[in-house]
Structures are given as structure tokens and as C-alpha cells.
Number of protein chains: 2
Amino acid sequence: MRDVARLAGVSTSTVSAVLNGTVPVRPERKKRVLDAITALDYLPDTIARGLKTGKTNAIGVVVPDITNAFYPEVIRGVEVTAQKAGYSVLLCDSNEDPHREEEHLNTLFSRRVDGVLLACCADSTAYGNTFRGRFPVVFVDRVPPMMLEGTVASDNVQAGSVATRHLIDLGHRQIAMLAGHLGLSPHRDRLEGFRKVMQEKHLPILDEYLISGDVQIEDGLEACRQLLELKQPPTAIMASNNKLLLGVLELLAQRTIRVPQQISVLGFDDYLWNRYFNPSLTAVAQNTFEIGKSGCELLLELIEQDQEEEPVLRSVRIPTELRIRNSTAAPSA
Amino acid sequence: MRDVARLAGVSTSTVSAVLNGTVPVRPERKKRVLDAITALDYLPDTIARGLKTGKTNAIGVVVPDITNAFYPEVIRGVEVTAQKAGYSVLLCDSNEDPHREEEHLNTLFSRRVDGVLLACCADSTAYGNTFRGRFPVVFVDRVPPMMLEGTVASDNVQAGSVATRHLIDLGHRQIAMLAGHLGLSPHRDRLEGFRKVMQEKHLPILDEYLISGDVQIEDGLEACRQLLELKQPPTAIMASNNKLLLGVLELLAQRTIRVPQQISVLGFDDYLWNRYFNPSLTAVAQNTFEIGKSGCELLLELIEQDQEEEPVLRSVRIPTELRIRNSTAAPSA
DNA sequence: CCAAAATATCGAATCGTTTCTACGTCGCTT
DNA sequence: AAGCGACGTAGAAACGATTCGATATTTTGG
């Protein structure tokens with residue numbers, strides 16, 4: 001910056017004024033400064049600027065597992081929105097480990113990010129005081145219990161309802177749900193949606209049709225095995241998570257049970273390739289990009305609002321969409 | 001930091017000495033400092049430190065499309081390695097747009113990252129001078145032509161060879177390749193591998209069996225349509241990219257052509273769900289995590305080596321692995 | 001055409017660290 | 001018992017920007 005000032009024959013304050021447009025600069029000198037900037041191909045040091053202004057124009061994004069295809073799409077929504085507003089994104093993967101998550105949050109604080117988007121991991125400890133006075137935080141996708149504001153997620157209760165209703169409308173009465181990890185809000189909410197609709201329709205919810213726990217492929221496989229061994233196996237299975245669903249499909253393939261003729265299968269999260277499965281999969285699609293975008297927008301609002309006034313927190317629910325394909329059908333007589 | 005110093009009754013230099021262990025501090029005072037740090041729950045300001053030391057302990061990662069399942073796995077490898085070494089990751093998505101890529105590189109320079117991992121986009125301009133004197137760069141996955149060092153990618157020539165050999169060994173002679181975008185090194189290299197093996201085996205390479213261009217689902221669909229309309233359609237199709245493959249599968253499903261009975265199909269990049277397709281897909285798997293890890297390691301070496309000495313660049317090729325499943329079989333008589 | 005008002009520019013202090021130099025203190029040696 | 005290293009510690013100057021009060025320049029009005 002000093003070099004630019006010297007070359008343009010002005011002071012650094014003037015260069016700064018040109019750069020930020022905070023203060024008027026006479027056109028002739030402005031041009032000299034701009035020329036000097038291109039001549040030296042000078043780019044301001046964001047680090048130094050951040051130190052002085054107390055604002056880094058960077059946000060942290062913490063996800064539990066970036067290889068879960070759900071999160072990259074969310075991140076894309078965040079990235080686009082952040083970039084448009086002139087923010088950079090620091091990416092952290094907690095690998096579903098609360099300890100690592102906390103480390104990441106400390107690092108992010110150390111780097112003085114302006115705010116954080118957090119998809120917390122399964123057994124995260126209570127937050128509350130971790131953030132107190134550090135930075136604004138918006139929870140995305142996974143919302144800790146009792147966190148009523150500053151959150152963006154799919155409307156998972158509705159998602160669970162819609163899926164259940166679809167199966168009932170097809171004529172299913174014995175519906176099983178692999179509910180996933182009930183410590184995580186999306187799974188908890190989908191189960192709630194399921195329960196609600198079953199009650200509305202006066203259908204019994206059988207304990208043995210409700211399986212919760214971990215959400216890996218093997219868990220889905222094992223759960224499906226249990227269901228098939230029941231005296232009265234379900235005619236439809238909903239899996240609250242992509243990997244559980246794969247496990248279910250694997251077991252059904254092993255036993256050469258035909259979908260949807262012998263059993264209907266439905267999943268949450270709709271990925272590009274779900275259409276290309278055979279049969280193509282019925283699923284409740286989340287608007288992942290929108291989750292990221294909304295989350296980022298909410299966070300930027302929190303960041304840019306006056307520190308004085310009471311934070312205007314919102315809680316956003318993004319609608320989901322049932323995509324009916326060929327893995328669900330009326331139950332066989 | 002001043003507060004910590006005051007509370008511990010020492011100078012800020014001493015606090016700094018305790019923090020960095022650069023200079024010995026008497027145990028008794030060290031304890032007082034550490035106590036003060038926990039009492040005030042002080043975390044040093046990485047921004048200020050970076051300004052002073054000229055080192056940010058941050059690296060940039062630029063990918064062309066984070067929703068392409070390949071990259072999140074690479075990023076995971078990067079993230080883990082970076083975190084272990086005390087570096088943070090700034091994520092940038094160029095969305096296959098060279099202009100945006102350049103913007104991102106400027107931002108990263110402005111933020112004074114210590115180095116950058118770059119998976120460049122299709123029509124990136126020559127680099128060379130963009131980086132000159134800015135920061136070390138390691139290319140991952142996609143290597144610009146003539147870039148001989150400071151690169152990490154799969155051994156795509158070998159990948160192409162292995163795939164081709166597999167099909168030939170099954171008895172195929174009419175093999176088509178959807179070669180993808182020849183401006184991108186992975187696609188170019190796979191095609192080269194294909195060519196090499198076909199020549200070795202003295203098999204003709206027919207122009208109409210070689211289709212290059214964009215790499216979206218529709219492109220695969222269209223290319224497959226062309227192939228099927230030939231007087232002599234191929235008995236096997238290899239698709240150089242995941243989405244091309246989906247397009248192929250879609251068209252084959254539309255025409256109810258059975259895989260592998262009527263035609264064999266093979267892809268590159270092996271994803272979790274490839275096993276669960278029906279038929280399960282034969283594919284050449286890349287070691288994505290390792291690409292990220294190696295790339296990051298190479299970059300950290302470049303960063304941490306003495307600025308004076310000549311940079312010791314390496315070019316790493318990660319082996320691939322053919323996973324034979326049910327989408328390839330001997331051609332029907 | 002000059003004083004006053006308005007506008008533009010400059011210099012210096014500052015953000016929170018690190019690091020260099022200078023100084024103080026302690027324990028040995030003789 | 002005094003002097004000399006060795007070892008610790010403190011103070012102050014930087015890093016590269018922003019920003020504020022002070023000063024210089026231009027414009028305006030009478």
C-alpha cells in the first residue's frame with residue numbers, strides 16, 4: 001500500500017479512501033491511485049484490514065461429514081450466497097465427533113470469523129455458553145433440542161407426514177420406519193410426522209415396526225432383516241436416511257424380494273442417482289441448496305445488524321417435496 | 001493478551017513466550033500465565049499473529065463443483081491432513097467458470113493463504129504468472145497441460161488401460177468410449193489408456209465409437225443414442241465420467257436394453273451407491289481420500305520448506321482399482 | 001478579489017500479536 | 001565478596017491496513 005501511495009504521489013490514507021470509497025477523492029488523483037494499483041498489481045491485505053476493523057468477512061461452516069452427499073449441496077448454497085456478499089468460507093468437518101467440533105469452533109473463534117453455520121453432530125454437548133459473546137451462530141439441518149431460533153432446516157415433520165400419507169394412500173397399513181438416530185432433529189421430526197399421520201388415520205403404531213439407532217448401511221441391513229423375520233412383516237418400509245435405505249435395498253436384493261411388488265420402499269434425501277436405481281426410488285427431496293442459502297442469509301443478517309439492538313432471530317423451515325417413482329406401489333393382496 | 005498479562009502480573013512478551021514456547025519462562029510464572037489464560041478463557045487472535053508473522057496457517061482449496069461426489073471425498077482428505085498440521089481450509093467453488101476461479105484465487109491471495117490446492121476448471125487460461133510470487137500451488141485431479149510438477153492425480157492412463165483390458169478380456173472387440181471433455185487431463189488420459197491398449201491388442205479404434213464433449217447426463221444419453229443407431233453398435237460402452245454413465249443407463253433403460261446381457265457398461269469413479277444399482281456397476285475406483293491427502297502433504301511441504309532453496313516439486317500418481325461387478329460380461333454371440 | 005465555507009488530503013495512532021534489544025537478577029567461580 | 005555468564009523478563013517497534021483530527025486546497029458569495 002505504501003508503494004502504491006508513493007507511486008501515485010499521495011498518502012496511504014488517500015489510497016485507503018480510494019479503495020473503500022469512504023471519503024471523496026478528486027477524480028484526477030483517484031485515477032493516479034488506480035493506475036498505481038494496477039501497475040503494481042496490488043491486492044489489499046485482508047488480514048491487516050481485519051485486524052484493524054475487527055471484521056474478517058469470513059464465516060465458518062461446520063458439517064459432520066462432507067462425504068454425505070447432503071452437505072456438499074448445502075455448502076454450495078452457502079458458498080454462492082457468501083461469495084455474493086463478499087464473504088469467504090472456512091470449511092470444517094467434525095466427522096460426527098463432538099470433541100473435534102468444539103476444536104473447530106475454537107479455531108474459528110481464534111480466526112475471528114464473523115459468524116458460523118453449524119450442522120452439529122449427534123452427541124454435541126449443550127451449546128449456549130460456547131458461543132456467548134463469540135460470534136453469531138445459525139444451526140442448519142440439525143437443530144439442537146430447545147433451540148428455537150436462529151435455525152434453518154427442512155420441515156421434517158411435514159416430510160415424515162407426507163411420506164406416511166403417501167404409503168397409506170397406496171393402501172399400506174403395516175408401515176415400518178427405520179427412524180435413524182433420535183438424537184438428531186431431522187430423524188426425530190420425521191418420526192413425529194409419521195406418528196402424527198398414523199394417529200390421524202387411526203392406524204396402530206407397532207413397536208416392532210419402529211427401529212432407531214445408527215444410520216449406516218449395516219444398520220439398515222440389520223433392521224430390515226429383523227423386520228422380515230416378524231410374524232407379520234410390514235408391507236412398506238421408510239428409511240429416514242440414505243444409507244439406511246441402501247442397507248434395506250441390499251438385504252431385499254439378497255433375498256430376491258421384489259420392490260415394489262412384494263414390498264414398498266421409500267427414502268428421505270433425493271439424490272441425482274435415485275432416479276437411476278432399478279426400480280427408481282420414491283423419496284422425499286429436501287431443498288438442500290435453499291437450506292444453505294437461507295442459512296447463510298440469516299447468518300449474514302445477524303452479522304450485519306447493529307450489535308446494539310436485540311438480535312432478530314428467525315427460524316426457517318424449508319418445504320420438502322415427495323417424488324413418487326417406482327419403489328412404492330399398492331401392497332399385494 | 002494484555003488482560004492476561006495484567007492478571008498474571010507479567011508483560012505481554014512473557015505471555016507470548018509461554019504461548020509459543022520460543023523462549024524459556026520460569027515455571028512459576030508460566031503457571032501464573034496459564035492460569036490467567038484459562039481464567040479469562042483467552043484464545044489468541046490468529047489474525048494479528050498472521051499479520052505479524054506473515055503466515056496464516058490457512059490453505060485455499062478450489063474445486064470446480066463441490067456437488068460432484070468426487071470432490072467432497074478429496075476435500076475430506078485435505079481437511080484431515082490440514083487440520084492435523086494446524087492449518088485451516090478456505091473452500092472455494094469455481095462452478096467450472098474460469099473467471100470465478102480467478103476471482104477466488106485473488107481473494108485467497110488477498111487473505112494471504114499459505115498455499116492453494118487447485119482442481120482447475122475446463123477452460124482455465126494458462127496459469128504460470130497468476131501465481132508467480134503469490135503462493136505455492138498444487139494441482140489436484142485436473143492437471144493443466146504441460147504442468148509437470150506439483151501435481152497429484154489418479155493414474156488415469158492406467159485407469160483407462162485397465163478398464164479397456166477388462167472389456168477385451170471378456171471378449172469385447174467393439175468398444176465405445178464416451179471420452180468426456182478432452183480439455184481435462186483425467187479424460188484425456190483415460191482416452192490415452194484406452195488407445196494404448198487397443199493398439200497393443202491390434203484392435204481398430206473406430207472414430208464413431210469415440211465421443212467426446214460435455215459431461216452431463218444429457219450428453220451421455222445423446223451419445224448413447226448415436227451409438228445405438230450405428231450399423232454396427234458397440235458391445236460395450238465405457239463412460240469417462242459418472243454423469244455420462246447415468247445418461248447411458250437412462251437411455252438403455254428407456255429402450256429396455258438389458259445390461260450386461262445385451263451390452264456391457266463400465267464407468268470411472270466408484271461411488272457408494274454404484275454397488276446398489278441393478279445391475280451393480282463395474283467401475284474404476286479412484287482413491288479420492290488419498291488424492292486429497294497427498295495433495296495437501298505436498299502443499300505443506302512446499303509451504304514449510306525454506307523459501308530460499310529451489311522448490312522440490314513432485315508429481316504424484318495415485319493408483320486406481322478396477323471393481324468388477326455385474327454391468328460387464330462377455331458379449332452375446 | 002478576498003474571506004469564509006466546503007472539500008480533499010495528510011499524518012499519526014491504532015488493531016493484537018511477535019520479536020529484537022536491552023536490562024535485571026541469579027548463581028558460580030575465584 | 002566481587003565479577004562474570006547465563007538466563008529471564010520487559011519495553012518498544014514492527015506487520016499493513018483504517019480512521020480521526022488537523023491541515024491544505026478549492027470553491028463560493030459578497
Side-chain angles (χ1 to χ4, degrees), chain A residues 1-34 36-37 40-58 86 88 106-114 133-135 307, chain B residues 1-34 36-37 40-58 86 88 106-114 133-135 307:
Chain A
M1 184 155 166
R2 254 200 286 277
D3 298 342
V4 172
R6 194 174 312 134
L7 182 57
V10 300
S11 74
T12 58
S13 334
T14 307
V15 178
S16 174
V18 171
L19 244 35
N20 302 298
T22 44
V23 159
V25 174
R26 240 184 280 283
E28 172 259 348
R29 322 187 103 223
K30 179 181 277 181
K31 183 169 178 319
R32 284 212 324 261
V33 170
L34 290 174
I37 286 177
L40 299 177
D41 137 275
Y42 160 84
L43 280 178
D45 186 323
T46 316
I47 290 296
R49 176 178 292 171
L51 176 61
K52 178 62 186 165
T53 61
K55 199 158 174 300
T56 52
N57 275 260
S88 294
N106 284 337
T107 309
L108 289 173
F109 175 63
S110 235
R111 292 196 179 272
R112 301 297 188 262
V113 293
D114 296 331
R134 285 190 159 187
F135 36 55
Q307 300 297 355
Chain B
M1 186 155 164
R2 255 201 284 278
D3 299 341
V4 172
R6 195 175 311 133
L7 182 58
V10 300
S11 75
T12 58
S13 336
T14 306
V15 177
S16 174
V18 170
L19 244 35
N20 301 299
T22 44
V23 159
V25 173
R26 239 186 279 283
E28 171 259 347
R29 322 188 100 219
K30 179 181 277 180
K31 182 169 178 321
R32 285 217 317 267
V33 171
L34 291 174
I37 286 176
L40 298 177
D41 142 271
Y42 160 84
L43 280 178
D45 185 322
T46 316
I47 290 296
R49 176 178 291 171
L51 176 60
K52 180 60 188 166
T53 61
K55 202 160 172 298
T56 51
N57 275 262
S88 294
N106 284 336
T107 309
L108 289 173
F109 174 63
S110 238
R111 291 196 179 273
R112 302 297 188 262
V113 294
D114 295 330
R134 286 191 160 187
F135 37 55
Q307 301 296 356

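All chains are named by letter (A, B, ...) in the order of the sequence lines, taking the proteins before the strands, and each is independently numbered beginning at 1. Computed from a predicted structure; not experimentally measured.
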More 5' along DNA chain D: A:Tyr42 or B:Thr14, using each one's nearest nucleotide?
-> B:Thr14
Heavy-atom side-chain contact between B:Asn57 and B:Thr46 under 4.5 Å | no
Distance check: side-chain N/O of A:Arg26 vs OP1/OP2 of C:dA8, anything under 4.0 Å?
-> no
Is there side-chain contact between B:Arg49 and B:Asn20, with heavy atoms separated by less than 4.5 Å?
-> yes
Could you state the atom-to-atom distance from CZ of B:Arg49 to P of D:dG16 in whole Å?
-> 18 Å
For B:Gly9 and for B:Thr53, locate the closest nucleotide of DNA chain D by heavy-atom distance; then report the residue assigned to the nucleotide nearer the 5' terminus.
-> B:Gly9
Which is true for A:Val23 with a 4.0 Å heavy-atom rule: it touches a base, it touches only sugar-phosphate, or it touches nothing?
-> base
Quickly work out the A:Glu28 CD to D:dT25 C1' distance and round it to whole Å.
-> 13 Å
Out of C:dC15, C:dT19, D:dA17, whichever nucleotide has its closest atom nearest the side chain of A:Leu51 = C:dC15
Nearest-Å distance, NZ (B:Lys30) to P (D:dG8)?
-> 10 Å
Base, sugar-phosphate, or nothing for B:Ser16, non-hydrogen atoms under 4.0 angstrom?
-> base
Whole-Å distance, B:Leu19 CG to C:dT18 C1', equals 11 Å
Test the B:Arg112-B:Phe109 pair against the cation-pi criterion, namely NZ or CZ under 6.0 angstrom from the six-membered ring centroid and within 45° of the ring axis.
-> yes
A:Lys55, NZ atom: more than 12 neighbouring heavy atoms under 6.0 Å = yes
Let me know the distance between CG of A:Asp3 and P of D:dG16, rounded to the nearest Å.
-> 10 Å
A:Met1 CE to D:dA17 P, straight-line distance once rounded to whole Å = 6 Å
When rounded to whole Å, the CZ to P distance for the pair A:Arg111 and C:dC15 reads 22 Å
Given side chains that start at C-beta, do those of A:Val33 and A:Val25 come closer than 4.5 Å, heavy atoms only?
-> no
B:Arg29 side chain: which of D:dA10, C:dT18, C:dG16 is closest?
-> D:dA10
Looking for any heavy atom pair under 4.0 Å, which part of the strands does B:Ser13 touch: base, sugar-phosphate only, or nothing?
-> base
Separation of A:Asn20 atom CG from C:dA8 atom P, in whole Å?
-> 17 Å
With respect to the side chain of A:Ala48, which nucleotide from D:dG16, C:dG11, C:dT18 is positioned closest?
-> D:dG16
OP1 or OP2 of D:dA17 under 4.0 Å from side-chain N/O of A:Arg2 | no
